[in-house]
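The structure under discussion appears below in the form of structure tokens.
Below, read A as the first sequence line, B as the second, and so on, with proteins coming before strands; counting in each chain starts at 1. Values below: every heavy atom of this structure, side chains too, minus hydrogens, waters and symmetry copies.
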Amino acid sequence: MNSTEPAILEVRDLVTHYPVRRSLADAVRGRPRRSAHAVDGISFDLRAGELLALVGESGCGKTTTAQSLLRMVEPTSGTIRLDGRDITHLSQRRLRPLRRTMQLVYQDPYESLDPRFRARQTVAEPMLVHGIGSRRADRRGLVDELLERVGLTPPELYADRYPHEMSGGQRQRLAIAASLVLSPRLLVTDEPVSMLDVSVRAGVLELLDGLRRESAMAVLMITHDLSTAAHFADEIAVMYFGRIVERGPARELVRNPRHPYTKALLSVVPARDPRRRAVPRILQGEAPDPANVPTGCRFASRCPSVTDACRLVDPALDDVSGSPGHEVACIRSEELASDSAGKVVTT
Amino acid sequence: MSMLDVVDLEVWFDLPGGGELHAVQGVDLAVERGDRLGLVGESGCGKTTVMMAMMGLLPSNATVSGQVLLDGVDILAHGERSVRSHRWVDLAMVFQGAMNAFNPVQRIGRQIREPMELHRTASGAAARRRTNELLEMVGMPVSAADRYPHELSGGMRQRAALAMALACEPRVLFADEPTTALDVMVQAQILQQLGQLVDELGLALVLVTHDLPVVAAVCDRATVMYAGRIAEQATMDALFHDPRHPYTRLLFASTPDLYGEEPVVSIPGSPPRLDRPLTGCPFAARCPHAFDPCREQQPALATLAAGHLAACHLNTRAGVTA
Amino acid sequence: MRIVRERPAATVGAVLLALFVLMAVFAQWLMPYDPHQQVGPVFGTPSTAHPLGLDDGGYDVLSLIIQGGRISMEVGFAATVVAIVLGGGVGILSGYFGGATDTVLMRITDYFLVIPDIPLMIIIAAVWGPSLGHIVLVIGMLLWTGTARVIRSQVKSVRERVYVQRARSLGASHTRIILRHVLPQVAPLLVANTVLTIAVAIFDETALAFLGLSDPTAITWGTMIEHAFDRTAVSAGAWWAVVPPGVAVSLVIMACSLLGQAIEDATNPRLRVAHLSIRGFRIRPVRPARAEA
């Protein structure tokens, strides 16, 4: 990627906290209101035609990040720039016309389409909202063109169907068509294929892949599936507990992970080939309570390579030497570079 | 004769508008003590229906034919009634999405005790002791018995569901997508636990899932189902390295692999409708190798090598392999 | 239509209600006599000429029932429109916007909910004076709370549906989301509520009229019963002056309840799953060819 090109999306120090409900007992005792640090200071850029995968376990803040970027959830602090324009504090009313430049594809195509809308209406709705194609015939033509573009061909066959008359893969294609109508600059996809059958997943992902290449759209893909990210993303950013702990080119990150969390995560992804088993590093327990942020490294409580220093220093993302574009937030990443976890063993 | 044999199982569902959906079309399975069998396929292929039929848990709009032999005795002979006495005692299951498998207003401990009391395997203090034992077995603190389902995380609930399934010391454990809703790390924990328990208790495990890598991680053998039939059955190793049905090969090719170099493919088209009769191979319309016989005659499930079965005409055509 | 097929009770309700509506619409042509004219002796017994007999003024009871039904149902329907528009509006706004809007609207709803209906109706009808218009307003203003509550909770869940959020992320305005995505989803519930409200409105109208708070010059089922009691129909043994309007009111209420309940059941998926039990799948004999093997 050409890094001199201006980014479509620039995120700096994005923080989103959710207030946590106090129990009545706590309120009576006068304990302070707490907040869950869903997203706690993340920064990244996304350029035209680029596909960034944000991976992590549930509760790590990846979905909140997406929702905050699109201002579906109000960020607590930080800045979000879309095409150079700061949208962090725009009112929802002023944001509405800008929504056509950033679109979201939801995880569950069984839920994200209005069951009472035919395919044609679903695709035409964004046009009506943003006043594109004033004449019915124009809209009709555009709808057909889009259905064709997402592989629902011939469009006449699908245009008058209701969602329940379509398969999961077809529905997700339809949802993608509806977000493409507005020729967005940024497409955020939240687990776009996890609800679909394996055999059609690749088709939907290839569609996204092709679209971002031909229309120079930036794509942010939220996923928990590292294998998918490894195959389709240019870059992967691994999130843990509201932070990006490692980021780098997809292939590089998968083959040379530097953060102990990334290593553990990669080591437990099951492989297709029964002869090839990674040495699994199963972390015990689950991600900590986001309302209780520890001092020091957030991963310290589960880290197999933890030292006393880790509990004191909150590490920042730093470049990995000798690996351009690869950043990691771990004070021991250099010493642990040769750690074998996650390395593949073929039997 | 194996411990558990399924012979020519067929299941039809009545459709609301009249007509029938032939969900399972002549499935044979054999499960031996200590086996780890994967039942794989996409949604609608009949894998869950096969399992539910074996457990006698089909809804009232279902019609079943065929035999489910446990130690040679047909437990399906008198329908739900005759399965009931074996359910949970001989055959138990871990449900998909453990949240729905629990009663939200009862404590976990009581729900684990319930099958023991129902089948009179233990009661009172003995049942309590057994509950604690089970919780420890699945890696949960004993205190979890006093929790309500919503107080547990997804992984913990899945463990509790496992404990519940093991309550009456079954011989066969069915697990239906036990890790689908879980994160990879929690999935790894559960799969490790599951494998360990199956070994320790000498259970037979039938893992029903669409996720091939999960099967590869846990099972030795798998049955690939397509459109209500068995497409291929073999060891996991043979299925991956020497698939004899194009569907199996494509299913692997459509699953992204962390270190895989080859592009991930998708299978064009969609499975055939099962509410109307089918001629030829059900996969023919999506198969890149389909030739004339595929469209005319339904391929029989043939034994190609010891323990390797496939239903594909390509195997009988000289010199061609899938 | 599916509802009618699956639930015979709904069919009974729908047919009954349709008959009453048709009766009200074609009252002009159906009435055998002019309901404002004495056509026979006071408390004349039922006969072939007067199937339901005559009342205290010598009016034909059947004609009065038909004419009274027309007005009773007009009042009931009009009051329902007031209640549904108010209740549906409050419910949708409250459920969709939530937050402060919800709190304020729901406090107002609670306020109306705890007012004892009948005493307030009596007071308002007494203060404003007896008139059918007032009756419509009074009943309408008291019946909207239930609808508002039910619609609000439904809207609250629809609002969280992903496709509604997707519309929001597209940049759709609130008006558009409400009209295109939320309203169609709650419409069946609104219909069910309307039908159920009609029953209550007609009942309330009858009650108010019976208490002498309706327009005394208008013929309604309520005023018929009131007149019958006032003018000693009961002590005269003229049951035919009291029973027919009572039965008519009961039938309409029953029809509305049957239909409304059926629509509500059919639109509430939580009430629908129960009939798929896990018991009793059928066994088909093993096919002979394979059984021998």
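Ranked by heavy-atom pairs under 4.5 Å with chain B, the list A:Leu205, A:Ile282, A:Val204 is led by A:Ile282. Counting heavy-atom pairs closer than 4.5 Å to chain A, the top residue among B:Gly44, B:Pro263, B:Pro256 is B:Pro256. For the set B:Leu251, B:Val184, B:Asp257, the count of heavy-atom pairs under 4.5 angstrom toward chain A peaks at B:Asp257. Put simply, of A:Ala271, A:Pro280, A:Gly203, the one with the most heavy-atom pairs under 4.5 Å next to chain B is A:Ala271. Ranked by heavy-atom pairs under 4.5 Å with chain A, the first of B:Ser254, B:Ser270, B:Gly139 is B:Ser254. The most heavy-atom pairs under 4.5 Å with chain A, out of B:Ala188, B:Pro268, B:Gly269, come from B:Ala188. Taking A:Leu265, A:Val268, A:Val269 one by one and counting their heavy-atom pairs under 4.5 Å with chain B, the maximum is reached by A:Val268.
Scanning residues 207-223 of chain B against chain A with a 4.5 Å non-hydrogen threshold yields B:His210, B:Pro213, B:Val214, B:Ala216, B:Ala217, sorted by number. Along residues 219-227 of chain A, the residues that come nearer than 4.5 angstrom to chain B, judged on non-hydrogen atoms, are A:His224, A:Leu226, A:Ser227 in order of number.
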Exercise for review: Give the C-alpha distance, both sets of side-chain angles, the deciding distance and a yes or no for salt bridge (charged side-chain N to carboxylate O under 4.0 Å, His left out) between B:Arg249 and B:Glu262.
Suggested key: CA-CA 13 Å; B:Arg249 193 168 47 76; B:Glu262 72 281 18; over 6 Å; no
**Study point:** Stepwise side-chain contact (heavy atoms from CB on, under 4.5 Å) check, A:Leu174 with A:Val150
**Key:** CA-CA 7 Å; A:Leu174 177 61; A:Val150 298; over 6 Å; no
Point to revise | Audit row: B:Leu37, B:Glu32, side-chain contact (heavy atoms from CB on, under 4.5 Å) steps and yes/no | key: CA-CA 9 Å; B:Leu37 175 71; B:Glu32 208 51 84; over 6 Å; no
Practice item. Check the pair A:Ser323 / A:Glu252 against side chain to side chain donor-acceptor pair (under 3.5 Å), numbers first and verdict last. Key: CA-CA 8 Å; A:Ser323 176; A:Glu252 167 66 15; 3.0 Å; yes
Check your understanding: Can B:Arg159 and B:Gln189 be said to form a side-chain contact (heavy atoms from CB on, under 4.5 Å), step by step?
Key -> CA-CA 10 Å; B:Arg159 284 171 192 268; B:Gln189 293 168 4; 3.4 Å; yes
Check your understanding: Can you check side-chain contact (heavy atoms from CB on, under 4.5 Å) on B:Met156 and B:Arg147, steps first, answer last?
Key -> CA-CA 11 Å; B:Met156 281 298 161; B:Arg147 295 295 180 91; over 6 Å; no
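A salt bridge links B:Asp275 with B:Arg273: at least one charged nitrogen is closer than 4.0 Å to a carboxylate oxygen. In this structure, A:Arg201 does not pair ionically with B:Glu42, as no charged nitrogen and carboxylate oxygen lie closer than 4.0 Å. Salt-bridge check for A:Arg171 with A:Asp108: failed, with every basic side-chain N at 4.0 Å or more from each acidic carboxylate O.
Listed by chain and number, the residues in a ring-ring contact (aromatic ring centres under 6.0 Å, His included) with A:Tyr106 amount to none (sequence neighbours excluded). Listed by chain and residue number, B:Tyr247, B:Phe283 satisfy the ring-ring contact (aromatic ring centres under 6.0 Å, His included) test with B:Tyr226 (two or more places apart in sequence, or in another chain).
Each of A:Arg247, A:His259, A:Glu246 was checked for a side-chain contact (heavy atoms from CB on, under 4.5 Å) with A:Leu253, and the lone residue meeting it is A:Glu246.
Contacts between B:Ser43 and chain A at a heavy-atom distance below 4.5 Å involve backbone atoms as well as side-chain atoms. When heavy atoms are compared at a cutoff of 4.5 Å, A:Ser167 does not approach chain B at all. For A:Ala202, the parts sitting under 4.5 Å from any heavy atom of chain B are the backbone and the side chain alike. Heavy atoms closer than 4.5 Å to chain A are found in both the backbone and the side chain of B:Val264. Neither the backbone nor the side chain of A:Gln170 comes within less than 4.5 Å of any heavy atom in chain B.
Counted by atom type alone, A:Gln107 and A:Ser194 present one or more donor-acceptor pairs between their side chains at under 3.5 Å.
Judged purely by atom type and a 3.5 angstrom limit, A:Ser267 uses its side chain to pair as donor or acceptor with the backbone of A:Arg281. Counting only distance, with no hydrogens or angles, the side chain of B:Thr235 and the backbone of B:Ala238 share a donor-acceptor pair below 3.5 Å.
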